Visitor: 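Pasting a structure below so you can have a look.
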Amino acid sequence: MPGSTASLRAYVITRVILMVPMLVLLLTFTFIILRVAPGDPVSTIYGERGNPQVIDRIKTELGLYDPLYVQFFRYLRDVFTGNMGTSILTQRPVIDEITSRMPATIELTFSSMLVASVLGIGLGTFAGTRRDRLPDFATRLYGALAYNIPIFWFGLILKLIFAVWLGWLPVSGRFSPRLSPPPTVTGLYTIDSLLAGNLPAFVDAVAHLVLPSLTLGIVLSGFFVRITRVNVIHAMGSDYVEAARARGIPERSVFFRHGLKNALVPVITTMGLTFALLFSGAILTETVFSFEGMGRFVFLAISYRDYPAIQGAVVYYGILMVVISLGIDILNAFVDPRIRY
Amino acid sequence: MSALLELEHLSVTFETPQGPVHAVQDVSLTIEGGSIVGLVGESGCGKSTLGRAILRLLPENATVAGSVRFAGRDVLALSPKEIRDLRGRNLAMIFQDPMTRLNPLMRIRDHFIETIRAHNPAVKSGQALERAKKVLADVRVPSDRLGMYPHELSGGMRQRVMIALCLLFKPALLIADEPTTALDVILEAQILQLLQSIMHEYSMSVLLITHNLGLVAEFSDRVAVMYAGRIAEEGATPPLFREPRHPYTQGLLRSVIDLETTSLYSVPGEPPSLLGETAGCPFYPRCDKRMAVCETVYPEPRLVGEDHRKVACHLY
Amino acid sequence: MTEPLLEVRDLKVYFPVFSGFVQRLLGGGDARVHAVDGVTFSIAEGEVFGLVGESGCGKSTIAKTLVGLVRATSGRLLFRGEDVTRPDPKTLFRLRERIQLIYQDAHAALSPAMTVGEAIADVLRTHGLPGPSGNRVQTKSEDAIREAVYRTFDDVGLRPPAFYYNKYPDELSGGQKQRVVAARVLALRPQLIVADEPVAMLDMSVRARMLEFLMELKAKYHLTYLFITHDLATAKFMCDRIGIMYLGRIVEMGRASTIYADPKHPYTKALLEAIPIPDPERKTKKILPRGEVPNAVWPPAGCRFHPRCPAVLASCGWEGRDVIALLEERWLSPELAEREALAGPVKEWEADGLIARRQMGKTDPGPVYDLIRRILLESGGPMAGAVRKVSIEGTVVVVEFRPPDLLVPKEAEGRVVECLLY
Amino acid sequence: MAGWFARGRTSLVGRLIGTFLGQSRTIAGILVWIGLGVVLTILVLALLAPFIAPFDPNTKVASPELPPGGAFLMGTDRGGQDVLSRIIWGSRVPLAIIAVSTTISLALGLPLGLVSGFAGGRMDRGILLVMDSIYAFPGLLLAIAIAAVIGRGILNISFAIAVVYIPTYFRVIRNHVTSVKQEPYVEAAVALGMPRRRVIGRYILPNVAQSIPVIFSVNAADAVLTEAGLAVLGLGLPPGIPDWGFDISLNWQRFDVSWWATFFPGLFILILTTALTFVGEGLNDILNPLLRKREYKAGAQA
C-alpha cells in the first residue's frame, strides 16, 4: 500500500499536469470567441465608419488573414510570453495594465473572501445546528436575500448610508489623495503600508477596503451560508458522529472535530467555484467604488471597446481561475486523505 | 449476580411527517452482569432503536418513556455531562457498518487519543497510544494501523478498531448492534469469537442485537425476541430454542433455513407498520393460533413454565 | 450426455483500477481487479447450479458477464453450443431474451417513476410478444400488450392484474414487488435465469416463500437456474450442483449432496464450519481461517487461500508478502514484539513477488539476517519449508521463496477440487 | 388533489406535481407557494403593462428627479420618466431573458448531461473538462465577452447568459445520472435488452427529472442578476427598452440625489430573484429529500 505522502505528491503532480489541457482548452475557447465569432476586432473597433482600406491594412498587419492555425499558435505564443498587445484606451501594454491593477483586485478579493467565510460559515453552522427552528429560518432567509441582492445596487446603498450620509468611510478609490501611498513592494496597499511601518496609510487603505469588501463579502456569504448549512446537517447526521457520541466524546469535540471539519471539506471544494462568483462580483463592485482594479479595467475596456484589453483580461482571469482551482484541489487533498487516491 | 441493566416499560416514539411511529413499546428487559443477551428480531422491529435508547443516542424527533437503569442509576434522568461520562466508559456501543463509523479525516491513532482524553483529559498522547496499542493487541490488530486512515483498513480491521475503542475503559456493558451483518460469514465468526473471549477477559456483558438466530443460539446466554416494537418472548437461550412458546418465535425458528432444512416454511403475511396506534397483539394477523381476544387486547408478558420464560401471548 | 445449456470455459474478467492519471504514467498502472480469474463450469438444462462464495469472490461478476453487462476479458461462453462471449448487438439482444437476471433487491430493480404494468409492457414493446412456438411477434397494439401483461401478472399470482397494472413500486409490498420482477423476467420466456442473491435482503420469516416461488416457476416454465448466494444453507436446499468460489476461482465443484456430506477443499470446510447453527445445544469451538479475503487486485500466488489455509503445504504459493504478514502476526504478542523489535518495523519490509527484502542502509544487516532466519525457523511449518534462501545482498536482507507447485483442478471423489492436497 | 396527481397516470409531470402538492403544507411547500405567487404577480404585471402602467415609460411626463409621492408613486428619473411605469414595463425583460436563456441552457445542458453521465469513460471526461472550464470561469466576464462580440438584443443577451449556465444544468444532471445509472433498475433495463436510447429516455430521465425544476429556478435567478449586471456595465439592451438593470445604469451616478430612481429597480430585481430562489429551495427540499434521509432512516428502523 503506497504511503500517504507519496500518494499526496503523486496527486499534486497529477493535478499540475492536468492543468495544461485545462489552460489550452480555456485559451482555445477565448480564441474562438474573440477571433472566430462573427465580427473581427478591427471592424468592431472601427465600426462602420472605418475606411475599408485602412481596416484592410491593419488586418494584414495583425495577421488576421493568416490561416487560423497560424493565428492560433501565434496567439498561444503571445499569451505565454505575456504579449497581449497594447491597450487602445491607455496606449500601454495590456500586460502592464493588468500587473499594475492586479494587486487592487487581490486585496479586494481576499478581504471579501474573509468577510464571506466568516459570515457564511459562521451563520451556516449556526443554522445547521438549529435545524428547522427559528434561527435556521432567519439564516436561510438571510442567505437567500444576500445571494440574490444585485451587488451593484447593494454597493450603492452601503455607500449612500455609510459614506455619504454618515460619512464614516471614504466614498471611493483605494487611497486618499492627501496621503502619499507607501512604497510599492507587493502592490497591496495594506501590506505595503505595514511593511513601511506607516500606520496612517494602513488605516486609510483599510478604510477604503471596508465598503467594497463588505458589499462583495455579504453577497458571497449567501452562497456560503447555504452550502455550509447543508453540509453541517449532513455531517452531523453521519454514522461516525453517532459513533463518536457513543464513545462519550464531548459535544464540542463531536461538533468541531467530526461535524464541522467534515462539513468543511465540500465547502472548500465549492470555494473554487466561489472565486468565479467573486470575480464577477468584483467587476461590479470596483465600478461602484471606483476601485482601480481589474474589474474596473474590464469595465472601462468594454465601455471603450478596447479589444486587446478585453482579451487580455479574459485570458488573465482564465489563468487565475485555473490556478485557484488547482490550489483548492490540492488544499482539499491535504485535508481529506481519501482524495489522494 | 445483580442486574446490570434494567429496562422498565420503555417506549420510543418517532414523530415523522406521516405521523407517530411507535418503534419500541413497553419493553421491560434485564441484563445480568457477565452475560450475553441476544436481542433478535427482523428488520424494522425496533431492536436498533432500543439499543440507541439505552445510550440516549436517538434523534431529536424521538420521545422516550419508561425507565432505563444502568448499575442502579436512572439513565434517562442523567445530565448531558453525566450521560457522556457513562458512554464509552461504562456503556459502549458498536454498530453495523464499520465502514462509515470512523471519521474519514482522522487517523486511527487520533480516534484513540480523542476517546481517552474525553474521559481523562490529563492523559498525555504518548500514554494514550501505549494504551491503544495494548487494546489493539487484544483485538489482534497490528499497531502500525494506528498511523493509517480508516479508508486504508479492511472491513474486519475497522470493526476490530471499533471494538478496541470500546474496550479502552473496560465498560460493564457493550451494546453490539448487528456488529457482523456487513461482514462475511468467516469474518462474522471471527469477530464474534473475539467478542466472546474479550468479554471474559474484560468481565463485560454484551447486548447482541441481531436478526441472525444462529448467532444468538451460538453466543447468547439469554435471548429476547422482538416483534413490532415489543418483546414477544424472553428467556434462557437453550430452552427457548428447544421449546419456543410464542407463535411468532415458533414460526421464526421454523422458517430458519440451515444445513438440516428439508422442507421450507414461512410465516404468512408481512410485518405490520409501526405507524399510528395499534390495539391487540401485533402478531394477530399472521398468527395461526389466534383467538378472538387477540385482536383487541394486548397480551401482557407473563412468566410461563419453570425456566423463567416471559411470553406475551394469550395462550399462556 | 446431452449438450449443456450453458458452458463457461476459463472465464476471466478483470476490471481496471481507477488510479490517478499520473500514477498510471509512472507505472503500476496495470493494476486490475481480478474479479473472475479462470472459471470453468457448465449447467445442464433443467438444473439448478449454485455459485457460492463470500462477497467479492466474483460470483456476481459472472452473472453480469452472462447477460452482457460486463465484457469477458478472456475465455469462452457457450449458450446451447453457440459462442456468446463477445456477442454483436443483435446476438446480445436475442441472448437477453433467453438468459435473464433476478436481483436481490426487487425494490431497487424497479424504476420508481414507472408503474409496474408499464415496466412489463415496456419489455414486450421492445421484444415483442412471445409467440406459440418460442418465436416473437412484434405488435403495435397496446391492447394486445396490455392483455399479455395481464396474463403475466396472473401467472405470478398478482390478481386481479388490472388492479396492479397502474401501481407504482412504492405502493406494493416487498413480496408483490418480487412477483413483478419475476413477471418482467418471465415475460421474455427465458430459458436460463440467473438469480443473484434472491433472498439475501428478505427477512427470515418470509425467505422460504421466495424460494418456493422460484421452485414453482422452475417447474411451470421448465427453467434452468444459476443460483448465486453467499448462504451455504440456502444453496444446499436449492441446488443440484454447486461451485464454491474464492477470490475469482472455483475451488470446489460437484453435486451439492456430495460436497456437503464431505467437503474436501479447506475453504469449503471453513465456510461450513463458520455458519452459525441455530441450536444452542451444539455449541462447539470453531477453528476458523486467519485474516480476511485479500485484495483481488493482487491475489496471492499459488493457491489463493494459502495465507489463511489451516492445511497449507510448503508448495502452496508462499511469497514475499507472507513474511510481512507473519511478522505482523507475531508482533501482536507484546513480548515477541519486544524480542524481535530488531527486525521491524513492518513497513521497512518490501515484498516483490517471491521475494521479501529489507534495505538496511548503514546499519549492519547481520543481526537482522540472523533474526529473520530464526523467526522463520521458529514459526516453523510449511512457510519455513518454502523458503529457498535467506541472504544478505549488499545492504539488503533478502528472503526468497521457491515457486509454488502448479495448481490444477482435479477430480477427487465425485467432485472437482482445486487443492494440492488431492 | 395531491393524490390524484400522484396517481397521475404515469405522467412524469403529474408525478412531480403530485409530490409537491403532497407536501404543499410543509414549510418548504409554503416557500414554493410564496415564490410562485410573487413570480406570477410579476408575470401579470408584465403581461398587462399597457393597462396597468400609469404613464408611458419612454416619455418625459414630469420634471426630472421628482421624489416619490403624488401621481408618481416611485418618483421620476433623470429623464423625467415615471419610475413606476418603467418598472412595470421593465419586468418584461427579465422574464423574457429567463424564458429564452433557461430554455437554451436546458436544451443543451440536459442532453449533454444525460449522454455524458450515461456513457461515462473518455467521452464523459472530455465533456466534463470543457464544461468545468466554462463553469470555473467568472460568469459575468464570460457573458461580457460573448455579449461584446455578438452585440445587443434580447436574444443575444439570452444566448450569452445561456452559455454561462449550460454547465450548471450539465453538472447537476450528469452527477444525478451517474448515481441513477448505478441503480439496479437501470442495469435491469439494460439486461432486459432495452436499446440505449430507451434506457436513457424511459428509465434515467424520469428519475433525474426532479432536479430540473430546482436548477431551473436557481438559474432563472442567476440569469436575472447577470442580465442586470450586463445592463449596468452598458452591455444590456439598447436604450429605449425599459429594463430594471438599464435603469440602474442610467441613474446610479445620481444615487445620492434621486435614490428612488435606482433603488426601486434594484428592489424589484431582488424581489424577483429571491422569489425564484424560494421556489428553488422549497422544491429542492421537497423533491430531493436527501437531507431528510436521517429522519426517515430513524423512522424506518423503527
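Keep in mind that what you see is a predicted model, and the values were worked out from it rather than measured. By convention in this document, chain letters (A, B, ...) are assigned in the order of the sequence lines, proteins followed by strands, and residues within each chain are numbered from 1.
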Visitor: For B/Arg145, is it the side chain, the backbone, both or neither that has a heavy atom under 4.5 Å from a heavy atom of chain C?
Guide: side chain

Visitor: If I take atom CG from residue B/Leu264 and atom CE from residue C/Met210, how far apart are they, to the nearest 0.5 angstrom?
Guide: 12.5 Å

Visitor: Checking heavy atoms, do the side chain of C/Ile275, its backbone, both or neither come under 4.5 Å from chain B?
Guide: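 Contact with chain B is through both the backbone and side chain of C/Ile275.
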
Visitor: Taking atom CZ of B/Arg254 and atom OG of C/Ser205, what is their separation to the nearest 0.5 Å?
Guide: 12.5 Å

Visitor: Give the C-alpha distance, both sets of side-chain angles, the deciding distance and a yes or no for side-chain contact (heavy atoms from CB on, under 4.5 Å) between B/Ile257 and C/Val199.
Guide: CA-CA 11 Å; B/Ile257 301 165; C/Val199 296; over 6 Å; no

Visitor: Quick check on C/Glu281 against chain B: is it the side chain, the backbone, both or neither that has a heavy atom closer than 4.5 Å?
Guide: side chain

Visitor: Give, as side chain, backbone, both or neither, the part of C/Asp203 having an atom under 4.5 angstrom from any heavy atom of chain B.
Guide: both

Visitor: Per the side-chain contact (heavy atoms from CB on, under 4.5 Å) rule, which among B/Val185, B/Leu187, B/Asp184 passes with C/Ser55?
Guide: B/Asp184

Visitor: Pick one of side chain, backbone, both or neither for B/Asp144, based on which atoms fall under 4.5 Å of a heavy atom in chain C.
Guide: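 Side chain only.
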
Visitor: Are C/Arg209 and B/Ser255 close enough that some pair of their side-chain heavy atoms sits under 4.5 Å apart?
Guide: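 In short, these two side chains do not touch, never coming nearer than 4.5 Å.
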
Visitor: How long is the span from the CD atom in B/Glu218 to the CD1 atom in C/Ile277, to the nearest 0.5 Å?
Guide: 6.0 Å

Visitor: Please classify the contact between C/Arg308 and chain B as side chain, backbone, both or neither, with a heavy-atom cut-off of under 4.5 Å.
Guide: side chain

